[in-house]
Amino acid sequence: MNRIDRLNALLIHLQGKPRVPIRELEERFEVGRRTIFRDIRSLIDSGVPIGGDAGEGYFIVEGYHLPPVVFNKEEASAILLGAKFIERSADPHTIQTFEKAMFKIKAVLKYSDKEFLSNLEGRISIRPSPSPNPTPDSHIAEIQLAIATNRLIDITYYSQYNDSTTRREVEPLGMVFYSGRWHLIAHCRLRNELRDFRADRIQKVHVLAETIDPTLHPNYMDFLNETLIGTDAKEATIICSAMVARFMGEQKYYQGFVEETKLEDGRFEMKFTPPYYDYFARWLMMYGNEIEIVSPNELQGHAATLAKELLEHHSAPFFAKT
């Protein structure tokens, strides 16, 4: 990136946040601190009111406005890809809101770029995952508002586990998208602990006036990682064929995948840290004799028991007839 482009990008970056740490600027533009100092001084000399310092970060004084932002076709194409994902992973309200934003983005494009984006839009799609029902209104807008303003929320939540609906006050800490759904991680005052709430099971949301302090609770991503991976995870090693290694794809990461090594015979040795051997063994069973459990013996025992149970279950009707 030449200096003129970097100065323009630096100005846009500063306007996008209330205050930007100098380290963030160094990492984004891949230049040293002295270069950032010189660029900020150049912007100030050109009339841009920039405040702050290296310790607290920099900001553009409120009231200063840049000329209208203009997207080039590459940037608009990237936003289009994001729109396609939103169409398949968000609730109706969020989809509708993003569609309005896309109209505004298209409105500021040059005519040639509008034609470029129009040709591209009809030829990019995301194949939906099998799902019996469309994504319901997940109240994402209200949840985002509560997270951004550190506000307490009152939710009505349906629990599929015990088929019950409860009303509770929760302190929202963050949102995470995994397993095809948005999840709200929050401190539940009813249970007095951190909980993972599936957004599509939240029936009602009321953002309350009371403010909360998220720093009083553990980091929401640490909580989620411990919940999904487990704190007592143990090691497991398997060997699988190259075909199975390809079929596993992203699924292996949900099983605590750590690393893999290609062996001389073309097979792969994989190491995992699964929280539960029984569940991990059930996942491995789908690959039949294409996998070999190297360790530990406990995992081998689970797999052997499952194989025996399957053999007895499926053989019983056959032997009964004969």
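Residues take their numbers from the sequence shown, with the count starting at 1. All values below come from the heavy atoms of this structure, side chains included, with hydrogens, waters and symmetry mates left out.
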A.B. asks: Please check: side-chain N/O of Glu193 versus main-chain N/O of Cys188, any donor-acceptor pairing under 3.5 Å?
C.D. replies: no
A.B. asks: Side-chain contact, heavy-atom cut-off 4.5 Å: Ser159 with Thr165?
C.D. replies: no
A.B. asks: Checking Asp39 against Arg3 for the side chain to side chain contact (heavy atoms under 4.5 Å, CB included) test, could you report, in this order, the C-alpha distance in whole Å, the side-chain angles of both residues, the deciding distance, and whether it holds?
C.D. replies: CA-CA 8 Å; Asp39 288 349; Arg3 188 163 188 264; 3.2 Å; yes
A.B. asks: Using a strict threshold of under 4.0 Å (side-chain N to carboxylate O), is an ion pair present between Arg189 and Glu210?
C.D. replies: yes
A.B. asks: Please determine if Lys262 and Glu260 form a salt bridge, counting it only when a charged side-chain N lies under 4.0 Å from a carboxylate O.
C.D. replies: no
A.B. asks: Could you go through the side chain to side chain contact (heavy atoms under 4.5 Å, CB included) check for Met175 and Gln144 one step at a time?
C.D. replies: CA-CA 8 Å; Met175 289 184 67; Gln144 287 178 323; 4.2 Å; yes
A.B. asks: Decide side chain to side chain contact (heavy atoms under 4.5 Å, CB included) for Leu7 and Leu43; before the verdict, give the C-alpha distance in whole Å, the side-chain angles of both, and the deciding distance to 0.1 Å.
C.D. replies: CA-CA 7 Å; Leu7 287 173; Leu43 291 173; 4.2 Å; yes
A.B. asks: Would you call Arg19 and Glu56 a salt bridge, using N to O less than 4.0 angstrom?
C.D. replies: no
A.B. asks: Less than 4.5 Å apart, any side-chain heavy atom of Met221 and any of Val176?
C.D. replies: yes
A.B. asks: Over 60° means perpendicular and under 30° means parallel, so classify the ring planes of Phe272 and Phe280, tilted if in between.
C.D. replies: tilted
A.B. asks: Give, for atom CE of Met286 and atom CE of Met248, the distance between the pair rounded to the nearest 0.5 Å.
C.D. replies: 9.0 Å
A.B. asks: Less than 4.5 Å apart, side chain to side chain, heavy atoms only: is that true for Met270 and Phe257?
C.D. replies: yes
A.B. asks: Could you check Ser241 against Glu290 for side chain to side chain donor-acceptor pair (under 3.5 Å), going step by step and ending with a plain yes or no?
C.D. replies: CA-CA 6 Å; Ser241 65; Glu290 293 290 325; 2.7 Å; yes
A.B. asks: Would you mind reporting whether Ile155 and Arg168 have side-chain heavy atoms less than 4.5 Å apart?
C.D. replies: yes
A.B. asks: Any salt bridge between Glu292 and Arg267, counting N to O under 4.0 Å?
C.D. replies: yes
A.B. asks: May I have the step-by-step check of side chain to side chain contact (heavy atoms under 4.5 Å, CB included) for Tyr58 and Leu10, ending in yes or no?
C.D. replies: CA-CA 11 Å; Tyr58 292 96; Leu10 176 61; over 6 Å; no
A.B. asks: Indicate yes or no: at least one non-hydrogen side-chain atom of Asp278 is less than 4.5 angstrom from one of Thr305.
C.D. replies: no
A.B. asks: Ile36 versus Glu26: any side-chain heavy-atom pair under 4.5 Å?
C.D. replies: yes
A.B. asks: Could you give the distance from CG (Asn150) to CG (Leu145), rounded to the nearest 0.5 Å?
C.D. replies: 11.0 Å
A.B. asks: Under 4.0 Å between a side-chain nitrogen and a carboxylate oxygen: does that hold for Lys84 and Glu121?
C.D. replies: no
A.B. asks: In terms of hydrophobic clustering (I, L, V, M, F, W, Y; side-chain heavy atoms under 4.5 Å; direct or indirect links), are Leu306 and Ile238 co-clustered?
C.D. replies: no
A.B. asks: Supply the atom-to-atom distance Gln96 CD to Ile86 CD1, rounded to the nearest 0.5 angstrom.
C.D. replies: 13.5 Å
A.B. asks: If hydrophobic clusters are built from ILVMFWY residues whose side chains come within less than 4.5 Å, do Phe29 and Ile44 share one?
C.D. replies: yes
A.B. asks: Salt bridge check, Lys17 against Glu24: does any charged N sit closer than 4.0 Å to a carboxylate O?
C.D. replies: yes
A.B. asks: Does the side chain of Ile22 reach to within under 4.5 Å of the side chain of Ile40, using non-hydrogen atoms?
C.D. replies: no
